[in-house]
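The structure appears right after this line, and notes come after that.
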Amino acid sequence: MSDRYEAQGIEAKWQKKWQASGIDAAVDDDERASYYCLVMFPYPSGNLHMGHVRNYCLGDAVARYKRMNGFNVLHPIGWDAFGLPAENAAIKHQRPPAEWTYANIDQMRVQLKRLGLSYDWSREIATCDPAYYRWEQWLFTRLMEKGLAYQARAEVNWCDPCHTVLANEQVVDGNCWRCDTAVQRKNLKQWFIRITAYAEELLTDLDKLSGWPDKVVGMQRNWIGKSSGAEVSFAMVDSDETLEVFTTRPDTLMGVTYMAVAAGHPLAKKAAENSPELALFLEECSKISTKEADVETMEKKGMATGCYALHPITGDAVPVWVANFVLMGYGTGAVMSVPAHDARDFDFAHKYGLSIKQVIRPLEGEWPIEDAAFTEPGQLINSAQFDALTSAQAKQMITTWLADNGKGGERVQYRLRDWLVSRQRYWGAPIPVIHCQQCGAVPVPDAQLPVLLPTDLQPTGGASPLNECDAFRYVDCPRCGERAERELDTFDTFMESSWYMDRYTSSNHDSGMLDSDAMRRWAPVDQYIGGVEHAVLHLLYARFYHKLMRDAGLFSSAEGGDEPFKNLLTQGMVLKDGTKMSKSKGNTVDPKAIIERFGADTARLFTLFAAPPEKELEWNDAGVEGGHRFLKRVWRLLEKLDVADGEADDAAVKQLRRSIHITVQRVTHAFEHGFAFNVAIAALMELTNNLQDYQPKGASGQAAYREGVELLATMLAPFVPHFACELGELLGMQQMAVMADWPQVDAAALEQHEITLVVQVQGKKRGEIKVAKDIDQQGAMAAAEANAAVQKWLVDMQIVKVILVPGRLLNIVVKPA
RNA sequence: GCCGGGAUGGUGGAACUGGUAGACACAAGGGACUUAAAAUCCCUCGGUAGCAAUACUGUACGGGUUCGACUCCCGUUCCCGGUACCA
């Protein structure tokens, strides 16, 4: 036995053994129950950061625990390899993004392996591999056939000098990040996927996600944002056109005093033709970034168009305004405004001197409508035939009136918008469409898939180099054979990350997108673990995509489920000095340095111990050393094996065995409920302290001690697998610790007949009493009154009430006698 | 702005479903061992008062419910995440 714990040698040794024995492979044909544990795959930025380490240590602990419980575990890894950073790096280093990406993948793979994570590497995926993205192209052509993929115009951030579309991230305070020019909105024809067609299923299936955090389910529900209301059609004065709006408050319809349309609305553009002033305002509106946060926080501005619309019920003419906070491509790009009953409309009306008409009043009392909008439901006033109705009644009556008179009717609206999948960028999967003068947008036929992305082009910071690549750009139309052009946009990278979880079940399947047999065995994912920042977009798109693949016939509900992720754990971020680690702030911690100094097990232990998984983790270098010290302390427990003699102390043995099995219970509980590994590791530390303090005397004392150290090694295996294996070997355990059976709680060891009961007087702790486990209130009361510390609080007091919480405390409520 | 989450000692955190606030660590201080250092071990460690026993006080802030509140309710402040082209 080596008397010092040397991590580097031990870790290399066990990693080799695990690889040789193939214990990490998921077996497709196996009798054992299967379990699919998935961590969010990384973007290959080049270096593993602490957020990755945290994510993968959590996943590895779960995967290893499940293996020790007899499951056939699928625990895969891969690379979300397309995206913007590769293009930025490409510009900086003057090398094609593919080169940078693959070099990073190689580097990060080494780092992951060094951590001793139990991945099935035979299933590794890189999304920039044509063998992967070809299936996404294939599915897209099917969606086109079904009408679920379509082209429409949408606004993008545009930088004129750079001649390129900017990502929101590249817009800094309304300016281009590279040249600092003011960003403009530009309207481009782009591809969408009709996620709104699945809005209802995405919403109702949230009820199936009992294994998801409530907050994520709630965020998705809000994001989908189902609201029922009415569609209202306003006729225009001096024109045959109508202005369509949606409202959730048809009961306030009689209070409409003006209309507001987006700057991009055709009506606004038309009005601007005769008004230079309005044209200037529209120009100004086009300079706001497309970010929601910017749109919502900017100063609300508007200008009259000079046009009027007719109120559908009263026939009154109401002015139509252009407002910078109304968005085109969001509903109909027009809203009806009821300043008396909407806070934003109220402010706007005040600012521009528009009239305010109160049509709802509180059910009780009065409301000072001059001071603020009344936004609650109430009773109708100033509403002609609808007067005296409640808001709820009026919603119905007015909606019915609209339907009866052909001016609208009931409508359900979702906040969710269709998924814009076009990106005007190079480093992404090509959209498999050929634009032909004769035939229009033609999907690339299966036989011509994949549409290979040329990997040798050099981005410049301007438009995508695909525009200049004639060999890629010009092709023959698959339908008519005439010369045509490829679509030059690439897919949003969320496309790749939306189906990888299902692809892992058959990563190497080359005759189809998915293998339904593999889906039946592995899908859906039993446990998904990743950053909370993906709570809405990624997780919503992945749920959607899973359903799209199901409906494309790739698997049935019975085979793959209707939802891709059964259980979800959202981990918090890793912080340093209170903020997110980032290179620009210079507060990064390189996992490599920690691994080199203390070993992978220490890095793993600390990331799991420092904070509960769903919370932010504040990095602390000193804490890492503490983790390392703990491992060294465990190591030294070996010194007391088989050395002590003397008489066994029965009470001490009983106490130790109780402590051992309480630990088994606590650690198991952590794995089965909520993954509070920080508490589980604390429990293992406590057991270590108890074992350290224990003097193993006699045969039974030595046996209890050995049991404790062996179970400690076993329970450490999911967290610090190399260390646990080495310890297990030194203990002479039959199997590798990582393959040992997970320990069972010995119920007999937990039993105790005497307990400590806390005694409170007036809810304040005044003493403790030792009593029988199942003592009744009378007995407990007698013991309490006999206790000196308690007694003095009862002097001259009359006992009003006594509360016994069995096994916990006794509270005595008194009042002066 | 909107949606979601959070706030407990010097620090990270613990406290099961409303029942002993501060488990387990880190840091700090004191001590043992050592020629010395490292390593290791022991002690102290929310605040105030006290030699101590102990008492009072304390879970962001202001109210409330309860025999009893870190936990539930109402209101406020600050911090973090998302906000549809970062992934």
Side-chain angles (χ1 to χ4, degrees), chain A residues 4 40-43 45 80 82-85 88 154 156-157 165-171 190 213-216 218-219 221-223 225 290-298 300 325 344 415-425 492-494 497 531-538 540-541 570 572-573 575 578-580 606 609-612 614-627 629-630 632-633 636 669 673 676 678-679 681-686 689 692 756-768 789 800-803 805 808-814:
Chain A
R4 281 196 63 193
M40 289 183 185
F41 64 168
Y43 177 80
S45 60
D80 189 14
F82 276 134
L84 205 52
N88 296 337
V156 294
N157 300 307
V165 173
L166 298 176
N168 278 337
E169 193 187 49
Q170 299 171 315
V171 179
Q190 306 190 65
D214 289 344
K215 68 165 177 176
V216 176
M219 283 164 88
R221 181 167 285 123
N222 287 335
W223 187 264
T290 59
K291 290 183 201 175
E292 192 197 347
D294 290 345
V295 173
E296 292 293 325
T297 52
M298 72 193 169
K300 307 290 182 286
F325 56 84
R344 189 168 65 182
R415 202 189 79 97
L416 180 69
R417 313 192 311 244
D418 276 338
W419 181 8
L420 199 171
V421 295
S422 299
R423 295 292 181 269
Q424 296 69 41
R425 286 177 227 297
D492 174 8
T493 57
F494 275 126
S497 57
V532 66
E533 65 273 19
H534 297 291
V536 178
L537 291 180
H538 161 61
L540 187 69
Y541 291 141
T570 52
M573 292 196 313
L575 308 178
T579 53
K580 192 171 178 169
F606 178 71
F609 176 63
E614 63 280 359
K615 232 186 132 173
E616 286 160 356
L617 186 159
E618 175 68 34
W619 190 260
N620 174 358
D621 290 323
V624 180
E625 291 190 43
R629 266 203 296 272
F630 166 64
K632 289 196 282 188
R633 259 185 316 127
R636 283 199 305 273
H669 184 266
H673 306 278
N678 56 326
V679 185
I681 291 166
L684 293 169
M685 288 175 167
E686 227 173 316
N689 292 343
Q692 197 174 274
T756 304
L757 203 63
V758 166
V759 182
Q760 295 184 336
V761 179
Q762 308 292 68
K764 289 191 177 187
K765 182 184 170 186
R766 296 302 182 193
E768 285 179 355
V800 178
K801 196 174 175 183
V802 177
I803 294 133
V805 183
R808 288 201 164 272
L809 61 74
L810 181 78
N811 187 17
I812 306 167
V813 186
V814 295

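Note that the coordinates shown come from a computational prediction; the quantities given were computed from them, not determined experimentally. Residue numbers start from 1 in every chain, and the chains themselves are labelled A, B, ... in the order their sequence lines are given, proteins ahead of strands.
- Considering A/Y43, A/F41, A/F82 in turn, A/F41 is the only one that fulfils the side chain to side chain contact (heavy atoms under 4.5 Å, CB included) rule with A/S497.
- Across all strands, A/E625 comes closer than 4.0 Å to no nucleic acid atom at all (heavy-atom distances).
- Residue A/V759 is classed as having no contact, given no heavy-atom separation below 4.0 Å to the nucleic acid.
- If you measure from atom CD of A/E169 to atom P of B/G82, you get 11 Å, rounded to the nearest angstrom.
- Side-chain atoms of A/N811 come within 3.5 Å of backbone atoms of A/G763 as a donor-acceptor pair (strictly under, hydrogens ignored).
- Within 4.0 Å of A/H534, counting heavy atoms only, lies at least one base atom of the nucleic acid.
- Proximity of A/R221 to the phosphate of B/G4: no side-chain N or O atom is located under 4.0 Å from OP1 or OP2.
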Q: Would you sort out whether A/F325 and A/E296 count as a side-chain contact (heavy atoms from CB on, under 4.5 Å), showing the intermediate values?
A: CA-CA 7 Å; A/F325 56 84; A/E296 292 293 325; 5.7 Å; no

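- Using the six-membered ring where Trp is involved, A/F494 and A/Y541 have ring planes that are tilted, between 30° and 60° apart.
- Residue contacts for A/A610: at a heavy-atom cut-off of 4.0 Å it reaches the sugar-phosphate backbone alone, with no base atom in range.
- Atom C1' of B/C45 sits at a distance of 24 Å from the matching atom of B/A39, rounded to the whole Å.
- Among the nucleotides B/C67, B/A84, B/U40, the one closest to the side chain of A/R417 is B/A84.
- Using a 4.0 Å heavy-atom distance criterion, A/S422 is classed as a base contact.
- Here CG of A/N88 is found 6.0 Å from CD of A/Q170. Values are rounded to the nearest 0.5 Å.
- Put simply, A/K632 has no side-chain N or O that comes within less than 4.0 Å of OP1 or OP2 on B/A39.
- At least one donor-acceptor pair under 3.5 Å links the side chain of A/N157 to the backbone N or O of A/T290.
- Distance from the side chain of A/R629 is smallest to B/C26 among B/U20, B/A55, B/C26.
- A close approach under 4.0 Å does occur between a side-chain nitrogen or oxygen of A/N678 and OP1 or OP2 of B/A14.
- When the nucleotides B/G68, B/A87, B/A84 are ranked by their closest atom to the side chain of A/E533, B/A87 comes out on top.
- The residue A/P612 sits close only to the backbone: its heavy atoms come under 4.0 Å of sugar-phosphate atoms, none of a base.
- Note that CD of A/E625 is 8.5 Å distant from NZ of A/K632, once rounded to the nearest 0.5 Å.
- You'll find that the side chain of A/L84 is closest to B/A87, out of B/A87, B/U83, B/A15.
- Atom CE in A/M40 sits about 13 Å away from atom C1' in B/G81, given to the nearest Å.
- Counting non-hydrogen atoms under 4.0 angstrom, A/W419 reaches nothing in the nucleic acid.
- The distance between atom CZ of A/F630 and atom P of B/U40, rounded to the nearest whole Å, is 14 Å.
- A/I681 comes within 4.0 angstrom of nothing in the nucleic acid, heavy atoms only.
- A heavy-atom distance below 4.5 Å is found between the side chains of A/V759 and A/I812.
- B/C24 sits 35 Å from B/G63 when the P atoms are compared, rounded to a whole Å.
- Scanning RNA chain B for stems, defined as runs of 3 or more consecutive Watson-Crick or G-U wobble pairs whose donor-acceptor distances all fall under 3.5 Å, gives the following ranges: B:1-7 with B:77-83, B:10-12 with B:24-26, B:28-32 with B:40-44, B:46-49 with B:54-57, B:60-64 with B:72-76.
- Among the heavy atoms of the strands lying under 4.0 Å from A/M685 are primed sugar atoms or P, OP1, OP2 only; no base atom is included.
- When the P atom is compared between B/U40 and B/G4, the two are found 48 Å apart, to the nearest whole Å.
- Among the protein residues, A/K765 comes within range of the nucleic acid bases, having at least one heavy atom under 4.0 Å from a base atom.
- Between the side chain of A/Q762 and the main chain of A/V814, a donor-acceptor pair closer than 3.5 Å is present.
- Using P as the reference atom, B/U65 and B/U71 are 15 Å apart when rounded to the nearest Å.
- Ranking B/C86, B/C67, B/G1 by closeness to the A/I803 side chain, first place goes to B/C67.
- The distance between atom CG of A/L809 and atom C1' of B/G68, rounded to the nearest whole Å, is 8 Å.
- Under the 3.5 Å distance criterion, with hydrogens and angles disregarded, no donor-acceptor pair is assigned to the side chains of A/N222 and A/R415.
- Picking from B/C41, B/C26, B/C80 the nucleotide with the shortest atom distance to the side chain of A/A622 gives B/C26.
- With B/A87, B/A84, B/G19 as the choices, the nucleotide that has an atom nearest any side-chain atom of A/F494 turns out to be B/A87.
- For the P atoms, the distance from B/A49 to B/G10 is 15 Å, rounded to whole Å.
- The structure places CG of A/L617 at 11.0 Å from CZ of A/F609, a figure rounded to the nearest 0.5 Å.
- In this model, the phosphate group of B/U57 is approached by a side-chain N or O of A/K764 to a distance below 4.0 Å at OP1 or OP2.
- When the side-chain nitrogen and oxygen atoms of A/R633 are compared with OP1 and OP2 of B/A25, one or more of them lie within a distance under 4.0 Å.
- When heavy atoms are screened at a 4.0 angstrom cut-off, A/G626 is found touching the sugar-phosphate backbone but no base atom.
- Taking side-chain N and O atoms only, A/R4 has no distance below 4.0 Å to OP1 or OP2 of B/A39.
- Remark: the separation of the C1' atoms in B/G22 and B/G12 is 13 Å, to the nearest Å.
- Atoms CG (A/D294) and P (B/U83) sit 12 Å apart, rounded to a whole Å.
- A/N689 has its CG atom 14 Å from the P atom of B/U40, to the nearest Å.
- Rounded to whole Å, the distance from CD on A/Q760 to P on B/C67 is 14 Å.
- Nearest to the side-chain atoms of A/M573 among the listed nucleotides B/C41, B/G1, B/C80 stands B/C80.
- Comparing the same atom, C1', in B/U48 and in B/G81 gives a spacing of 39 Å after rounding to whole Å.
- Taking atom P in both B/G6 and B/A38, one finds a spacing of 43 Å when rounded to whole Å.
- In this structure, CG of A/D214 is placed 15 Å from C1' of B/C3, rounded to the nearest angstrom.
- Across all strands, A/T493 comes closer than 4.0 Å only to sugar-phosphate atoms, never to a base (heavy-atom distances).
- No donor-acceptor contact under 3.5 Å links the side chain of A/N222 to the base of B/C3.
- Each of B/G68, B/A25, B/U83 was ranked by its minimum atom distance to the side chain of A/E292; first place goes to B/U83.
- Nucleic acid contact class of A/V805 (heavy atoms, under 4.0 Å, all strands): base.
- As judged by a 4.0 angstrom heavy-atom cut-off over every strand, A/F325 is placed among residues making no nucleic acid contact.
- Here the CG-NZ distance, from A/N678 to A/K615, works out to 9.5 Å after rounding to the nearest 0.5 Å.
- Out of B/G68, B/G4, B/C24, the shortest distance to the side chain of A/M219 is found at B/G4.
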